[in-house]
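Along the sequence shown, residues carry numbers from 1. We use all heavy atoms of the structure for the numbers below, so side chains are in, but hydrogens, waters and symmetry mates are not.
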Amino acid sequence: MNAPVSVFIVDDSAVVRQVLTQLLTAAPGIRVSGAAPDPIFALQKMQRDWPDVIILDVEMPRMDGITFLRKLMKERPTPVVICSTLTEKGADTTLQALSAGAVDIITKPKIGLRDFLQSGGQHMVQVLKAAARARTGAIRAHRQPMVAETRMAAPAAMVRTTDKVVALGTSTGGTQALEAVLTRLPADCPGIVVVQHMPEKFTAAFAHRLNQLCRCEVREAVDGDRVISGLVLIAPGGKHMQLRRSGAQYRVSVADGPPVNRHKPSVDVLFRSVAVSAGRNALGIIMTGMGDDGAQGLLAMRRAGAITIAQDQATSVVFGMPREAIEIGAATEVLPLAGMARIILGHKV
C-alpha cells in the first residue's frame with residue numbers, strides 16, 4: 001500500500017485551515033501534517049515533518065506567499081498548490097506564484113467558502129495527489145532568460161492570414177512551460193492557439209503577462225479573432241475555444257458549454273476542431289498536465305494528417321496528458337520542452 005500524501009496548509013484564514021483540514025483528513029490517500037497562519041510559523045512546524053505538498057495562500061501577514069515560495073524553491077523545492085481568491089487582483093498574484101514554481105491553483109470564493117471547498121473536495125484531492133508526483137525542477141532547467149529587447153510591433157507584411165496553425169494544450173505545470181516555449185519565438189512566429197487549464201479571470205492576466213515577456217503578441221482570445229502570424233491566442237477560462245475555417249482565413253470560436261473531461265476550456269475541444277478545420281496544415285502539441293484531456297483530440301489531429309508532438313517525461317512537471325497521448329499513439333514525436341520552439345518555427349508558412 002502506498003504511503004498517504006502528506007499535506008501542509010498555509011493560510012491566514014482560520015476557517016480555510018479548519019475546513020481544509022477536515023476535508024482532507026477524511027479523504028483516502030491524504031494525510032494533513034499540519035497547518036499555519038503564515039510562512040514563518042509554517043517553516044518552524046514543517047521542519048519536524050516535511051510535507052509532500054504545501055497548500056499556500058498568497059496574501060498573508062509577516063511574509064507573503066510569493067516571497068516564501070521563492071525561498072522554498074531555492075532552498076528546498078517542494079510541490080506547492082496555490083489557494084487563491086477568484087479575483088483579478090488574486091489572478092495577478094497567483095500568476096507570479098506559478099511563475100515562481102507553484103504547480104497548480106485551487107480557487108476559493110470570497111463568500112460561501114465552506115460549501116465551495118466541500119463541494120470541490122474530490123477535485124482538490126486529485127490536484128494534491130498529482131502535485132505530489134510533480135517534478136518541481138523540470139521547468140527551471142529549460143527556462144530562457146527574459147527577453148531583453150522590448151517586443152516590437154510586427155511589420156504590416158507579417159500581419160497576414162497563415163495557412164499553418166499551431167495548437168497547444170497543457171495543464172499542471174503549463175504556465176511555466178508555455179513561458180519557456182513562447183519566449184523563444186520571434187515576432188513572426190506561426191499563428192498559435194492555446195488551451196491552458198486555468199480558472200476564469202486568470203487567463204486574461206496570464207496572457208497579459210506573457211505578452212510582456214514575448215516578442216510575439218499574446219492575448220486572451222475573443223470570439224471571432226483571426227489566427228495570424230505573430231499572434232498567440234489563449235482560450236479564456238470558463239469558455240471553450242475552437243478553430244473555424246472562414247474562406248482562406250482561420251478564426252476562433254469562443255463559447256460557453258458543458259465541461260469536457262471535467263475542463264472548460266478543454267484541450268480535446270480545441271484539438272478536435274483543429275483536426276476538422278486545418279487537418280495537415282496544423283501542428284498539435286500536448287504538454288505537461290494532469291489527466292487525459294487532449295489525448296483523443298491529438299489522435300484526431302494525427303489521423304487528419306497533422307504533425308503531433310507530446311512533451312517527454314523528463315521535462316514534464318506532471319506526465320499525465322502527454323503519457324496518455326503517447327500510449328494511444330496520438331503523437332508522431334516525443335520531444336523535450338527545449339525542442340518545442342524549434343518544431344514550431346519549422347512549421348512556419
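Not counting sequence neighbours, the partners of D268 by the side chain to side chain donor-acceptor pair (under 3.5 Å) test are N261. Residues satisfying the side chain to side chain donor-acceptor pair (under 3.5 Å) criterion with Q96, sequence neighbours excluded, are absent altogether. D12 is linked by a side chain to side chain donor-acceptor pair (under 3.5 Å) to nothing, counting only residues two or more places apart in sequence or in another chain.
Atoms CG and CD1, from L69 and I54 in turn, are 8.5 Å apart once rounded to the nearest 0.5 Å. In this structure, the separation between NE2 on H123 and CG on L128 is 9.5 Å, given to the nearest 0.5 Å. Atom OG of S6 is separated from atom CE of M46 by 10.5 Å, given to the nearest 0.5 angstrom. Atom CG of L43 sits about 4.5 Å away from atom CZ of F68, to the nearest 0.5 Å. Taking CG of L72 as the start and CG of L56 as the end, the distance is 8.5 Å to the nearest 0.5 Å. Between the CD1 atom of I234 and the CG atom of L182 there is a distance of 6.5 Å, given to the nearest 0.5 Å.
Closest non-hydrogen pair, G279 versus A306, comes out as O-CB, 3.4 Å. Taking each heavy atom of V58 and A97 in turn, the nearest pair found is CG1-CB, 4.1 Å. Here the shortest heavy-atom pairing between L270 and Q242 reads CD1-CA, 4.4 Å. Across P265 and A235, no two heavy atoms sit closer than the pair CB-CB, 3.9 Å. Contact record, A304 with A275: CB-O, 3.6 Å, taken as the closest heavy-atom pair. In this structure, A221 and P236 approach most closely via the heavy-atom pair O-CG, 3.3 Å.
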*V16 and I55: side-chain contact (heavy atoms from CB on, under 4.5 Å), yes or no, with the steps?*
CA-CA 11 Å; V16 171; I55 297 178; over 6 Å; no

_Evaluation steps, side-chain hydrogen bond (donor to acceptor under 3.5 Å, both in side chains), between S266 and D293_ = CA-CA 7 Å; S266 162; D293 187 33; 2.9 Å; yes

_S253 vs D223, test: side-chain contact (heavy atoms from CB on, under 4.5 Å). Steps then yes/no._
CA-CA 5 Å; S253 167; D223 187 47; 3.8 Å; yes

_Q176 vs L98, side-chain contact (heavy atoms from CB on, under 4.5 Å): CA-CA, chis, key distance, verdict_ = CA-CA 7 Å; Q176 299 171 65; L98 288 168; 5.5 Å; no

*Might you work through the side-chain hydrogen bond (donor to acceptor under 3.5 Å, both in side chains) test for Y250 and R245, ending with a clear yes or no?*
CA-CA 5 Å; Y250 290 117; R245 184 121 198 175; 2.6 Å; yes

*Stepwise side-chain contact (heavy atoms from CB on, under 4.5 Å) test for K129 and Q126*: CA-CA 5 Å; K129 288 182 177 179; Q126 291 174 346; 6.0 Å; no

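In summary, the side chains of S99 and R209 do present a donor paired with an acceptor at a separation below 3.5 Å, with no hydrogens or angles considered. D104 and T172 share a donor-acceptor pair across their side chains, judged by distance under 3.5 Å alone.
Proximity of V269 to H263: side-chain heavy atoms (C-beta onward) are nowhere separated by under 4.5 Å. Within the 4.5 Å cutoff, side-chain heavy atoms of M287 are placed close to those of L178. D256 is listed as a side-chain neighbour of K264, based on a closest heavy-atom distance under 4.5 Å. Contact check for C214 versus V232: no side-chain heavy atoms found under the 4.5 Å cut-off. Side-chain contact between D57 and S13 is absent, with no heavy atoms from C-beta onward closer than 4.5 Å. For the pair V103 and V81, the minimum side-chain heavy-atom distance is below 4.5 Å. For the pair Q196 and T203, the minimum side-chain heavy-atom distance is 4.5 Å or more. V317 is not listed as a side-chain neighbour of R135, based on a closest heavy-atom distance of 4.5 Å or more.
Two different hydrophobic clusters hold V276 and I286 under the rule that ILVMFWY side chains link at heavy-atom gaps under 4.5 Å. I328 and F271 are not part of a single hydrophobic cluster, where members link through side-chain heavy atoms under 4.5 Å apart. One hydrophobic cluster, built from ILVMFWY side chains closer than 4.5 Å, cannot hold both M290 and I326; they sit in different ones. Hydrophobic cluster membership is shared by I30 and V318, with clusters built from Ile, Leu, Val, Met, Phe, Trp and Tyr side chains linked at under 4.5 angstrom. At a threshold of 4.5 Å between side-chain heavy atoms, the hydrophobic network of Ile, Leu, Val, Met, Phe, Trp and Tyr places L299 and V267 in two separate groups.
In terms of modelled atom types and a separation under 3.5 Å, the side chain of T308 and the main chain of A330 share a donor-acceptor contact. In this structure, R272 contributes its side chain and A300 its backbone to no donor-acceptor pair below 3.5 Å. Side-chain N or O atoms of Q311 include one that pairs as donor or acceptor with a backbone N or O of T288 at under 3.5 Å. Listed for the R244 side chain is no donor-acceptor partner under 3.5 Å among the backbone atoms of S277.
Looking at R219 and D225, a side-chain N of the basic residue comes within less than 4.0 Å of a carboxylate O on the acidic one, giving a salt bridge.
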